[in-house]
Asker: 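Here it is, the structure in full.
Model, not experiment: these values are computed from the prediction.
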Amino acid sequence: PHATAAGLAVLRDGGNAVDAAVAVALTLAVTHPQAGNLGGGGFLLVRMADGTTTSFDFRECAPQSATAGMYLRADGTLDDDKVRFGASSAGVPGSPAGLHLALQRFGTKPLRQLAAPAIALAKHGFPVDQFLAEALVEEQKALSRFATTRAIFFRGDEPLRQGDMLLQPDLAATLQRYADLGPDGFYKGVTAERIAAHMKASGGFVTEQDLANYRAVERAPLRGSYRGHEVISMPPPSSGGVALLQMLNLLEPYDLRGMG
C-alpha cells in the first residue's frame with residue numbers, strides 16, 4: 001500500500017509511468033523486502049504514448065572473480081548453502097543503475113523527489129503488515145543466522161510481528177546517498193566501500209571495482225503477434241518474454257472460446 005500511494009502521488013503530480021515505477025520500486029525496497037530490492041536486479045519494459053518502445057536490463061552480474069567452481073566443495077559437490085545464503089550468494093546489484101537509466105531516458109521528475117517516500121518510510125518506520133510478518137516467520141531460520149538481519153527484522157529472538165514498527169536507518173542513509181548522487185551514490189563512495197568491506201569479511205565476492213564497473217543495458221524488446229495484436233515483451237536474459245510469445249503462438253490455432 002505504501003508503494004502504491006507513492007506511485008499514485010507521482011502520477012497525480014503530473015509524472016509519467018516511468019516516474020511512478022521508480023517511486024514504487026524504491027518504496028518496495030523499504031516496505032516489501034521479500035521482493036522489493038536495492039541489492040538485486042530486474043527488467044523494465046517501456047512503451048511511451050508516442051509508440052516508442054524499449055527495455056532495460058538491470059539483472060545482477062557475476063563478480064569479476066567468478067569461476068565455474070566457485071560454489072563447489074573440495075570434493076566437487078555443490079555447496080548449496082554458499083549458493084543461497086549470505087554474502088557469497090550475492091551478485092553485483094543492478095536495480096539502482098537500471099531505475100536511474102530508465103529515469104534519464106523517459107522520466108520527468110527528479111530522483112530526489114521520487115526517492116523521498118522510500119527514505120521517509122525507512123527513516124521513520126512503518127507498521128509491519130500481514131504479508132511481511134508471514135514472510136519473516138517463513139524465513140526465520142535463514143534471517144536469524146546473520147547479525148545484520150537479526151538487528152533489523154527481529155525483536156529479541158523473535159521476528160517482528162504484524163503491527164510492530166520496522167525502522168531501517170541504514171537503508172534510509174543508503175537511499176539518501178543514491179537520491180543525492182544517482183548511481184555514483186551507490187556504486188561508488190561510502191555505499192560501495194561498505195558493501196565491499198562486508199563482502200570481504202563475510203566470504204562474498206563483490207568488490208568495489210565490480211560495483212564501479214556495473215552498467216544497466218537498454219535492449220530492443222521482443223515483438224510477436226497474437227490474433228492480430230502486436231505483443232511486445234522482455235528479451236533475454238529474461239526468459240518470460242520468450243515463453244510468453246511461445247505460449248501465445250501455440251494457443252493461437254485453437255478455438256479457446258469454444259473450449260469454454
Side-chain angles (χ1 to χ4, degrees), residues 25 28-29 32-43 56-98 131-160 166 168 170-171 174 183 186-217 219 234-244 246-247:
L28 286 174
H32 196 60
Q34 61 268 53
N37 73 80
L38 271 190
F43 301 120
F56 298 96
D57 165 13
F58 44 101
R59 278 298 294 270
E60 307 91 326
C61 286
Q64 288 179 315
S65 64
T67 65
M70 64 193 290
Y71 292 120
L72 299 181
R73 300 186 184 93
D75 63 2
T77 59
L78 177 67
D79 187 339
D80 190 57
D81 190 77
K82 195 174 181 181
V83 171
R84 297 179 58 211
F85 299 105
S88 62
S89 67
V92 184
S95 293
F131 305 104
L132 177 53
E134 290 174 353
L136 292 177
V137 170
E138 288 173 9
E139 300 298 336
Q140 180 173 354
K141 184 178 178 181
L143 293 170
S144 66
R145 289 175 53 180
F146 307 102
T148 45
T149 43
R150 282 200 308 273
I152 298 167
F153 297 114
F154 280 61
R155 179 175 292 168
D157 294 329
E158 296 295 323
L160 295 175
L166 174 55
Q168 300 171 91
D170 289 339
L171 180 55
T174 300
F186 184 89
Y187 294 96
K188 298 178 181 178
V190 173
T191 301
E193 290 167 7
R194 291 182 179 178
I195 291 172
H198 179 73
M199 288 283 167
K200 188 173 182 180
S202 307
F205 302 103
V206 177
T207 66
E208 281 189 71
Q209 193 62 54
D210 289 322
L211 291 161
N213 289 345
Y214 186 87
R215 298 291 184 272
V217 182
R219 301 187 187 279
M234 190 71 203
S238 167
S239 58
V242 175
L244 176 68
Q246 288 178 323
M247 286 188 286

Asker: Is there side-chain contact between Thr174 and Val190, with at least one heavy-atom pair below 4.5 Å?
Answerer: no
Asker: Would a distance-only check, ignoring hydrogens and angles, find a side-chain to backbone donor-acceptor pair under 3.5 Å from Ser202 to Met199?
Answerer: no
Asker: Listed by chain and number, what are the side chain to side chain donor-acceptor pair (under 3.5 Å) partners of Thr207, not counting sequence neighbours?
Answerer: Asp210
Asker: Which residues pass the side chain to side chain donor-acceptor pair (under 3.5 Å) test with Arg194, not counting sequence neighbours?
Answerer: none
Asker: Does Glu158 have any side chain to side chain donor-acceptor pair (under 3.5 Å) partners at least two apart in sequence or in another chain, and if so, which?
Answerer: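 With neighbours one apart ignored, the set is empty.
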Asker: Leu38 versus Leu171: any side-chain heavy-atom pair under 4.5 Å?
Answerer: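 When only atoms from C-beta onward are counted, Leu171 and Leu38 do touch, with a gap below 4.5 Å.
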Asker: Roughly how far, to the nearest 0.5 Å, is OG1 of Thr191 from CD of Glu208?
Answerer: 11.0 Å
Asker: Compare every heavy atom of Leu166 with every heavy atom of Leu160, then report the nearest pair and how far apart it is.
Answerer: CD1-CD1, 3.7 Å
Asker: Do Thr77 and Leu72 have side chains that get closer than 4.5 Å, going by heavy atoms?
Answerer: no
Asker: Run the side chain to side chain contact (heavy atoms under 4.5 Å, CB included) check on Leu136 and Phe154 step by step: do they pass?
Answerer: CA-CA 9 Å; Leu136 292 177; Phe154 280 61; 6.0 Å; no
Asker: Sequence neighbours left out, what passes side chain to side chain donor-acceptor pair (under 3.5 Å) with Arg219? Give chain and number order.
Answerer: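 With neighbours one apart ignored, the set is Asp57.
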Asker: Side chains of Lys188 and Leu211: does their closest heavy-atom pair fall under 4.5 Å?
Answerer: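 They are not in contact (no side-chain heavy atoms under 4.5 Å apart), so the answer is no.
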Asker: Tell me every residue that passes salt bridge (charged side-chain N to carboxylate O under 4.0 Å, His left out) with Lys82, counting only those two or more places apart in sequence or in another chain.
Answerer: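 By the salt bridge (charged side-chain N to carboxylate O under 4.0 Å, His left out) rule, Lys82 matches no residue at all.
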Asker: Compare all side-chain heavy atoms of Pro33 with those of Leu28 and state whether any distance is below 4.5 angstrom.
Answerer: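 In short, these two side chains do not touch, never coming nearer than 4.5 Å.
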Asker: Going from OG on Ser238 to CG on Leu244, what distance comes out if it is rounded to the nearest 0.5 angstrom?
Answerer: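 Interatomic distance, Ser238 OG to Leu244 CG, rounded to 0.5 Å: 9.5 Å.
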Asker: Are the side chain of Tyr187 and the backbone of Ala97 linked by a donor-acceptor contact shorter than 3.5 Å?
Answerer: yes
Asker: With rounding to the nearest 0.5 Å, note down the distance linking CD1 in Ile152 to CG in Asp170.
Answerer: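 It is 7.0 Å, given to the nearest 0.5 Å.
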Asker: Quick one: ring pair (Phe, Tyr, Trp, His ring centres under 6.0 Å) partners of Phe153, sequence neighbours excluded?
Answerer: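 Counting only residues at least two positions away or on another chain, Phe153 forms no ring pair (Phe, Tyr, Trp, His ring centres under 6.0 Å).
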Asker: Is Pro159 close to Leu143 at the side-chain level, that is, under 4.5 Å between some pair of heavy atoms?
Answerer: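 No; the side chains remain at least 4.5 Å from each other.
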Asker: Just jot down the salt bridge (charged side-chain N to carboxylate O under 4.0 Å, His left out) partners of Arg155, sequence neighbours excluded, or say none.
Answerer: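 Only Asp164 meet the salt bridge (charged side-chain N to carboxylate O under 4.0 Å, His left out) criterion with Arg155.
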Asker: I'd like to know whether CZ of Phe146 has more than 12 heavy-atom contacts from other residues, nucleotides or ligands below 6.0 angstrom.
Answerer: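 For Phe146, atom CZ is crowded (more than 12 foreign heavy atoms under 6.0 Å).
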Asker: Is there side-chain contact between Cys61 and Tyr214, with heavy atoms separated by less than 4.5 Å?
Answerer: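 Yes, side chains in contact.
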Asker: Taking the side chain as C-beta and beyond, is there a heavy-atom pair between Asn37 and Ser95 under 4.5 Å?
Answerer: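 In short, these two side chains touch, coming nearer than 4.5 Å.
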Asker: Listing request: all salt bridge (Lys or Arg N to Asp or Glu O under 4.0 Å) pairs with a residue in residues 66-80, at least two apart in sequence or in separate chains.
Answerer: Asp80-Arg84
Asker: Applying side chain to side chain donor-acceptor pair (under 3.5 Å) as the test, list every pair that has at least one member in residues 59-70; sequence neighbours left out.
Answerer: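 Counting only pairs at least two positions apart or across chains, no side chain to side chain donor-acceptor pair (under 3.5 Å) contact touches residues 59-70.
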Asker: Minimum heavy-atom separation for Ser88 to Gly203, with atom names?
Answerer: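 Answer, listing the atom of Ser88 first, then Gly203: CB-O, 3.5 Å.
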Asker: Ignoring hydrogens, what is the shortest heavy-atom contact between Gly86 and Ser89? Give both atom names and the distance.
Answerer: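 The answer is O-OG, 2.7 Å.
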Asker: Does any pair with a residue in residues 138-147 pass side chain to side chain donor-acceptor pair (under 3.5 Å), and if so which ones, sequence neighbours excluded?
Answerer: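 Of all non-adjacent pairs touching residues 138-147, those that pass side chain to side chain donor-acceptor pair (under 3.5 Å) are Asp81-Arg145.
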Asker: Listed by chain and number, what are the side-chain contact (heavy atoms from CB on, under 4.5 Å) partners of Ala133, not counting sequence neighbours?
Answerer: Val128, Gln162
Asker: If you look only at pairs with a residue in residues 56-77, which of them pass as a ring pair (Phe, Tyr, Trp, His ring centres under 6.0 Å), with sequence neighbours excluded?
Answerer: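 Qualifying pairs: none.
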